[in-house]
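Worksheet: one structure, shown below.
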Amino acid sequence: MSEISVRLPDGKLLAVPAGTTVLAVAERIGPRLARAALAGRIDGRLVDLRAPLDRDVALEIVTARDPQAGEVIRHSAEHVMADAVKRLFPSAQIDVGRSDHGEKFQYDFLVERPFSPQDLERIEDEMRRILAEGAAFEREVVDRAEAKARFAELGEHLKVSRIDDIPAGDPITIYRHGSFQDLCRGPHVQRAGQIGAVKLIELAGAYWRGDERNPMLQRIYGTAFASAKELDEHLERLEEARRRDHRRVGQDLDLFHLDPLSPGSPFFHPKGVVLFNELVGYVRSLYPKYGFQEIITPQIFRSDLFKISGHYENFGDDMFRFEGDEDEELFLKPMNCPGHCVYYNTTKHSYRDLPLRFAEFTRLHRNERSGTLHGLSRVRSFAQDDAHVFCMPEQVESELRSFFAMLREIYHALGLDDVEVSVSTRPEKFIGNPEAWDHAEKLLIAAVEEAGYACGIKPGEAVFYAPKVECDFRDVMGRVWTLGTVQVDMSAPDRFGLSYVGSDGQEHRAAMLHRAILGSLERFIAIYLEHTGGDFPLWLSPVQVAVLPIAERHTEWGARVRDALAARGLRVRLDDRNEKLNFKIREAETHKIPVMAVVGDQEVTSGTVTPRRRRGGKEAAAALPLDAFVAELSAKVAERRP
RNA sequence: GCCGACGUAGCUCAGCUGGUAGAGCAGCUGAUUCGUAAUCAGCAGGUCACCGGUUCGAAUCCGGUCGUCGGCUCCA
């Protein structure tokens, strides 16, 4: 039998017979490693311990300490959960599990009646029992007919249909622990005991094969770790996410609320409006620099507009529709682009006028399905930092360059530095010709790379009328949100007959770009609140300064401090309540006010204030003349420094 | 829209298997005049989401509606 060579992480080469399993290699290295092994890794890909090696490879043995250990453990926990469900509910049919996203795993079941939260507890207990039994996971390669027959006999009809999804020629493997077996690619732990801690998190309905025309299965989500300590840390992170939830922060800081009388349409409170307006004002302040002109188009349009744009047939059900006089069909606009096209067409354009860049912040309304509404991040009424660029086709590249320059400037100012950019390519259903799509996609990819981003590709993810760039921001909790986007429209120029007169005196088709940098302001605020936890930089803070007199005799000076700050446009509150300084500080801290100005006897006599920064702690701050204090703060605000 | 859970004072929540609603914080009043994260006391505050049913009696049990939350689907 031929030998292969296995390179270990320390550089050592091990010669073993072809067909040696990963586990056997681990045993050659040492029995303790073999016992602790959860999986192997070849070229960054996890492989099962029982998988035979058939070529020269670089191999790492994955143990509980490995960053990828969780993936293996959770994958095996899926099987344990399915096993537990089958033990408690023998008539349940198993569909499939997943554990390749985040720190949770899931499994779907077809059951006569939905699981209850009590069932969840029972299932979790049963899982612990299975872990305690510590059965070994075994791997088996079977042929297709055998696999189908086996699951058919078990009454697992969903599973049989899943076998049909496996491409012909691919090996079919089954993993078994105890009396439970499941179709699975692996890899899996050696024995159930290696799953140190499990917790079932939640129940949900999920359509079979993700199609809403199919029956709904019951999905259980859980998480699993090598140790109880890691599980606790994970639960602590979930708790932290709950603390930062924008709905909670929005409530605590009195920024907005959602009222049952208008589901999905937020009320912004005065402080929320400050945040909203500061964001809009900032973007607006950059419009001259990047050559945008702001316009305001109608909120309501006749249906004809959306018939021209194509939204009528594609999104008609998701628009707010009503009737005007004489059965006139009207819609609340769900986006600005058609209106911008109408405006573009009000005059004949020369190539000398292009590019024309129209921006608009007015409100948009979409009748989102009730189940999809979520705080500020999914609403029915919102505004975007929306704009459309009308240009000659050969100007698209430089427009994309300008888009990324503006995007960088804004994200940097807001402290959104962890951004990944990708291009979504042509979906199955699309309009326009494929060559034009290919060309546009190439332009986008080149522009992303030129802007200095590694360009990811999201195959088939584009909108039906336009390839698009998506800018995904990773927040402090590690969650990814799509913010900015730019799209090359393959449809509107023709549908609206967007044209310009070229230097040759002939009419030419114009190119059109859609772009937004923050996207929906509502959604952006949600994301930003969770990212910052409500700790805004000075310039965005609804209340920038709290003036805190120590006793009543200091309020007069406090009022003059307040007035001096307010006169320079700073948002300031004088806390003249009859409370102790500690109380006022605590409240300013919990309200996330970035700067406090303490005034007592010393300050009154010397005409100063003693500043205290948010979370400044006990460090002794020096008193500052009022003028200097005001000048420092207004300079920071003007420069949008924290 | 679909599956499940939930809806009690402005906020956060308690109220065991049915017997006329309770706390903390916030608010109001008073006392205290205080130097870097909660001073003390008193007062007031609820058609228990809404509609209907069961019952001598419903916050509690049942049905419906609305909303919220977690998912699914969708996201121009």
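Chain A is the first sequence line, chain B the second, and so forth, proteins listed ahead of strands; every chain is numbered from 1.
Of the P atoms belonging to B:rA49 and B:rC11, the separation is 13 Å, rounded to the nearest Å. One P atom belongs to B:rG42, the other to B:rG24, and the distance between them is 10 Å to the nearest Å. Taking atom P in both B:rA59 and B:rG27, one finds a spacing of 31 Å when rounded to whole Å. For the P atoms, the distance linking B:rG22 with B:rG64 amounts to 32 Å, nearest Å. Comparing the C1' positions of B:rG18 and B:rG53 gives an interatomic distance of 15 Å, to the nearest angstrom. Distance noted for atom P between B:rC72 and B:rA14: 27 Å (whole Å). A distance of about 48 Å separates the C1' atoms of B:rC75 and B:rU36, rounded to the whole Å. Comparing B:rU68 with B:rU12, their P atoms are spaced 15 Å from each other, to the whole Å.
In this structure, A:His257 atom NE2 and B:rU68 atom C1' are separated by 13 Å, rounded to whole Å. If you measure from atom CD of A:Glu552 to atom P of B:rA31, you get 10 Å, rounded to the nearest angstrom. In this structure, the CE atom of A:Met596 is 14 Å from the C1' atom of B:rG35, given to the nearest Å. We find that CZ of A:Phe583 is positioned 14 Å from P of B:rA37, with the value rounded to whole Å. Atom-to-atom, CG of A:Leu373 to P of B:rC2 comes out at 14 Å; the value is rounded to the nearest Å. The distance between atom NZ of A:Lys584 and atom P of B:rG35, rounded to the nearest whole Å, is 12 Å. Rounded to an integer number of Å, the gap from CZ of A:Arg577 to P of B:rU29 is 13 Å. Between the CZ atom of A:Arg586 and the C1' atom of B:rA37 there is a distance of 6 Å, rounded to whole Å.
A:His514 and A:Asp489 share a side-chain donor-acceptor pair at under 3.5 Å. Inspection of the A:Asn367 and A:Asp318 side chains reveals no N or O donor paired with an N or O acceptor under 3.5 Å. In this model, a donor atom of one side chain and an acceptor atom of the other lie less than 3.5 Å apart for A:Arg209 and A:Ser161. Under 3.5 Å, the side chains of A:Asp259 and A:Ser262 contain no donor-acceptor pair of N or O atoms.
Between A:Glu587 and A:Thr590, it is A:Glu587 whose nearest contact on RNA chain B lies nearer the 5' terminus. Map A:Ser370 and A:Pro263 each onto its nearest nucleotide of RNA chain B; the residue landing nearer the 5' end is A:Ser370.
For A:Arg479 and A:Phe473, the positive end is not near the middle of the six-membered ring at less than 6.0 Å and at most 45° from its axis. A cation-pi arrangement is absent between A:Arg523 and A:Tyr528 under the rule of less than 6.0 angstrom and at most 45 degrees off the ring axis. A:Phe301 does not carry A:Lys333 over the face of its six-membered ring by the limits of under 6.0 Å from the centre and within 45° of the normal. Figure legend: A:Arg426 and A:Phe430 shown as a cation-pi pair, the cationic atom lying under 6.0 angstrom from the six-membered ring centre and within 45 degrees of its axis.
When the side-chain nitrogen and oxygen atoms of A:Arg612 are compared with OP1 and OP2 of B:rG35, none of them lie within a distance under 4.0 Å. Phosphate proximity of B:rA38 to A:Asn582: present, with a side-chain N or O under 4.0 Å from OP1 or OP2.
Checking each of A:Glu78, A:Lys104, A:Gln106, A:Glu71 against A:Ser99 for a side-chain hydrogen bond (donor to acceptor under 3.5 Å, both in side chains) leaves exactly one that passes, namely A:Glu78. Across A:Arg242, A:Arg237, A:Arg243, a single residue satisfies side-chain hydrogen bond (donor to acceptor under 3.5 Å, both in side chains) together with A:Glu240, and that is A:Arg243.
Contact between A:Phe225 and A:Leu231 at its shortest, heavy atoms only, is CD1-CA, 3.5 Å.
Base engagement by A:Thr610 is indicated by at least one non-hydrogen atom pair under 4.0 Å involving a base atom. Contact annotation for A:Gln251: backbone-only contact, meaning every heavy-atom pair under 4.0 Å involves sugar-phosphate atoms and none involves a base. Heavy atoms of A:Gln384 sit nowhere under 4.0 angstrom from any nucleic acid atom. Nucleic acid contact class of A:Gly375 (heavy atoms, under 4.0 Å, all strands): sugar-phosphate only.
Aromatic pair A:Phe115/A:Phe89: ring centres closer than 6.0 Å.
Within the shown strands, nothing qualifies as a pairing partner of B:rG18 under the Watson-Crick or G-U definition with both distances less than 3.5 Å. Partner assigned to B:rG42 is B:rC28, using Watson-Crick or G-U wobble distances below 3.5 angstrom. Remark: B:rU55 base-pairs with no nucleotide; criterion is Watson-Crick or G-U wobble with both hydrogen-bond distances under 3.5 Å. Pairing for B:rG4 is with B:rC69, a Watson-Crick or G-U wobble pair whose two hydrogen-bonding atom distances lie under 3.5 Å.
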Worksheet item: When you check every protein heavy atom under 4.0 Å of nucleotides 59-64 of chain B, what one-letter string (B, S, -) results, 5' to 3'?
Response: ------
Item to complete: Sugar-phosphate means primed atoms, P, OP1 and OP2; the rest is base. With that split, encode nucleotides 71-76 of chain B 5' to 3' as B, S or - using protein heavy atoms under 4.0 Å.
Response: BBBBBB
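Listed nucleotides: B:rG35, B:rC34, B:rA5. Nearest to the side chain of A:Asp601: B:rG35.
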